[in-house]
There are 2 protein chains.
Amino acid sequence: MDPTRIDPIPNPAVRRLSLYLRQLESFKRKDRRTVSSKQLGESLHLTDAQVRKDLAYFGQFGHPGIGYRVDDLIAQVRRILGTDKIWNVLLVGAGNLGRALMAYNGFDAKGFRLVAVFDSDPSKIGKRQGPFSAEGSDASKPKRFFVIQPLSELKSTVEKMGIRLAILAVPPDAAQELADQCVESGIRGLLNFAPVSLNIPRDIAINSVDLAVQLEQLSFQVNFSPLVQLG
Amino acid sequence: MDPTRIDPIPNPAVRRLSLYLRQLESFKRKDRRTVSSKQLGESLHLTDAQVRKDLAYFGQFGHPGIGYRVDDLIAQVRRILGTDKIWNVLLVGAGNLGRALMAYNGFDAKGFRLVAVFDSDPSKIGKRQGPFSAEGSDASKPKRFFVIQPLSELKSTVEKMGIRLAILAVPPDAAQELADQCVESGIRGLLNFAPVSLNIPRDIAINSVDLAVQLEQLSFQVNFSPLVQLG
DNA sequence: GGATGTGAATGCATTCACAGCA
DNA sequence: TGCTGTGAATGCATTCACATCC
């Protein structure tokens, strides 16, 4: 009817896209040149049909009789996910988790760069965190460090550095208030580690990681998965 | 046909159960005595029908005209998730993320207790980590610390302490090998923070958290959500 | 009135199965 | 032969709508 109507893309397909990318990068490290939907699927415990359908939502990337060329597909998936360009990311919260995130240096290879850290605790403002050296990785890499900024500088920093993504690693009580400040400052996507449900405008992307929730899921599965039939 | 056949429980329903619990605990802190499916749903951006159906998979917990009694429902959901009893949890990996997890003290209130930490790095073995004091929380609480154990003690510790859950916070290259060791030691559920797809037996529960995947999902949504129609 | 629990209806996502291409 | 891309069929999950109860 409406020719401008685009086929809806299943959310689960987008989630799997990230897994395909991760797996493809692993294949590339092993110098694999091509991979079939069957092989890619098996490595992730998915069916070949699932893999083909997911990728086909976004274009025709495969070659009948051959499979998918690893390099090409990596480039395509990065483009689709938007990580072919670098995203500047900020962090709110310089507590235990925040420090672990600052020290984590797997961001850059994935297209994300942590560029600023904020905290509301006056005793932390202005303090330098780092330098962080890569654990178990090339020690000759340039060491990074961060100077903790006050929230009063949030908006200006977001604008100055063109930051669109924020990671929230703060106590639960403070999370909503700080999420609001991020949104007001122009942030377009939030990764929330606080164990609370945040209210944010519909046009802002959000993703939450709650450690307790993850463990509870394991608890349930370990206890009851053999007894109750899971769907 | 088969009277022993139990209605399959949708996986998404189990995931939401954890969110209901979190939200109910928040309502309890605000001294709410009862809550309706509509109110609980709105706080999590879900429909009331969704909430009722999810809870009804597990029993009849509500009261027509009243709603759900907060205390009762908390107890029921905890029982369903299996967190009415304490789970001993071990951690593999005393790196940056591992240290953040050791310092995190939100476990206990949720029914999980971190009781042992392992690392393969000989220079870390025997070292004490901590004491950890609760940030922004009651400083009078007993301070905890951990002595890093070698992997050779994994199995005996799992057996001695009745540990069934493990958190894997290790580099990607080591993750599969260490997951295997956990399984061999009797671990029944794994929470994996390494950015790799693990192969484990079907009867072992697994849950993975990959920071890059989370950020990629945001990247996609921010870039294309207004353009492409998401399902 | 105000709320639950639940079959029935709808809407999504996955899988099947096969035409078509290298 | 080996593999993709894709309509059609199936299987799940969500929503509707209403009988039922406080």
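These numbers come from a predicted model, not from an experiment. Note on naming: letters A, B, ... go to the chains in the order of the sequence lines (proteins, then strands), and numbering restarts at 1 for each one. Atom set for the values below is all heavy atoms of this structure, side chains included, hydrogens, waters and symmetry mates excluded.
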Q. Please give, in whole Å, the distance from dT14(C) P to Asp48(A) CG?
A. 14 Å

Q | Between C1' of dG5(C) and CG of Leu73(B), the distance in whole Å | A | 14 Å

(Q) Tell me which residues in residues 54-67 of chain A lie within less than 4.0 Å of DNA chain C, going by non-hydrogen atoms. (A) Tyr57(A), Pro64(A)

Q) Arg69(B) has an atom CZ; how far is it from atom C1' of dT4(C), in whole Å? A) 13 Å

Q.
My understanding is that only residues two or more places apart in sequence, or in another chain, count here; which of them pass side-chain contact (heavy atoms from CB on, under 4.5 Å) with Ala194(A)?
A. Ala175(A), Asn192(A), Val196(A)

**Q.** Under the side-chain contact (heavy atoms from CB on, under 4.5 Å) test, residues paired with Leu151(A) that sit two or more places apart
**A.** Val92(A), Phe118(A), Ser120(A), Leu154(A), Leu178(A), Gln181(A)

For residues 62-74 of chain A, which side-chain donor-acceptor pairs fall under 3.5 Å, sequence neighbours excluded?
| residue | atom | partner | partner atom | Å |
| --- | --- | --- | --- | --- |
| Asp71(A) | OD1 | Lys28(A) | NZ | 2.7 |

(Q) Among residues 21-41 of chain B, which ones have heavy-atom contacts with DNA chain C below 4.0 Å? (A) Ser36(B), Ser37(B)

Please produce a list of atom pairs where a protein N or O lies less than 3.5 Å from an N or O of nucleotides 15-19 of chain C.
| residue | atom | partner | partner atom | Å |
| --- | --- | --- | --- | --- |
| dT15(C) | OP2 | Thr47(A) | OG1 | 3.2 |
| dT15(C) | OP2 | Gln50(A) | OE1 | 3.4 |
| dT15(C) | O4 | Lys53(A) | NZ | 3.4 |
| dA17(C) | N6 | Arg52(A) | NH2 | 3.4 |

Q: Name all residues meeting the salt bridge (Lys or Arg N to Asp or Glu O under 4.0 Å) criterion together with Arg22(A); count only those two or more places apart in sequence or in a different chain, and write none if there are none.
A: Asp210(B)

Q) Would you say dG5(C) has OP1 or OP2 under 4.0 Å from some side-chain N or O of Tyr68(B)? A) yes

Q: Evaluate the side-chain proximity of Leu190(B) to Leu218(A): yes if any heavy-atom separation is below 4.5 Å, no if none is.
A: no

For residues 38-48 of chain A, dump all side-chain donor-acceptor pairs below 3.5 Å to protein atoms at least two apart in sequence or in another chain.
| residue | atom | partner | partner atom | Å |
| --- | --- | --- | --- | --- |
| Lys38(A) | NZ | Glu42(A) | OE2 | 3.4 |
| Gln39(A) | OE1 | Arg32(A) | NH2 | 2.8 |
| Gln39(A) | OE1 | Ser36(A) | N | 2.9 |
| Gln39(A) | OE1 | Ser36(A) | OG | 3.4 |
| Ser43(A) | OG | Leu40(A) | O | 2.7 |
| His45(A) | NE2 | Asn199(B) | OD1 | 2.8 |
| Thr47(A) | OG1 | Gln50(A) | N | 3.1 |
| Asp48(A) | OD2 | Arg52(A) | NH1 | 3.3 |

Q | salt bridge (Lys or Arg N to Asp or Glu O under 4.0 Å) pairs, two or more places apart, involving residues 79-89 of chain A | A | none

Q: Can you run down the salt bridge (Lys or Arg N to Asp or Glu O under 4.0 Å) pairs that involve residues 169-191 of chain A, sequence neighbours left out, and say none if there aren't any?
A: Arg188(A)-Asp203(A)

Q: State which residues pass ring-ring contact (aromatic ring centres under 6.0 Å, His included) with Phe107(B); sequence neighbours excluded, sorted by chain then number.
A: Tyr104(B)

Q) Rounding to a whole Å, what distance do you find between Asn11(B):CG and dC12(C):P? A) 20 Å

Q | Qualifying residues under side-chain contact (heavy atoms from CB on, under 4.5 Å), relative to Arg29(B), sequence neighbours excluded | A | Glu25(B), Ser26(B)

Q) Heavy-atom distance under 4.5 Å between the side chains of Phe220(B) and Thr83(A), does that happen here? A) no

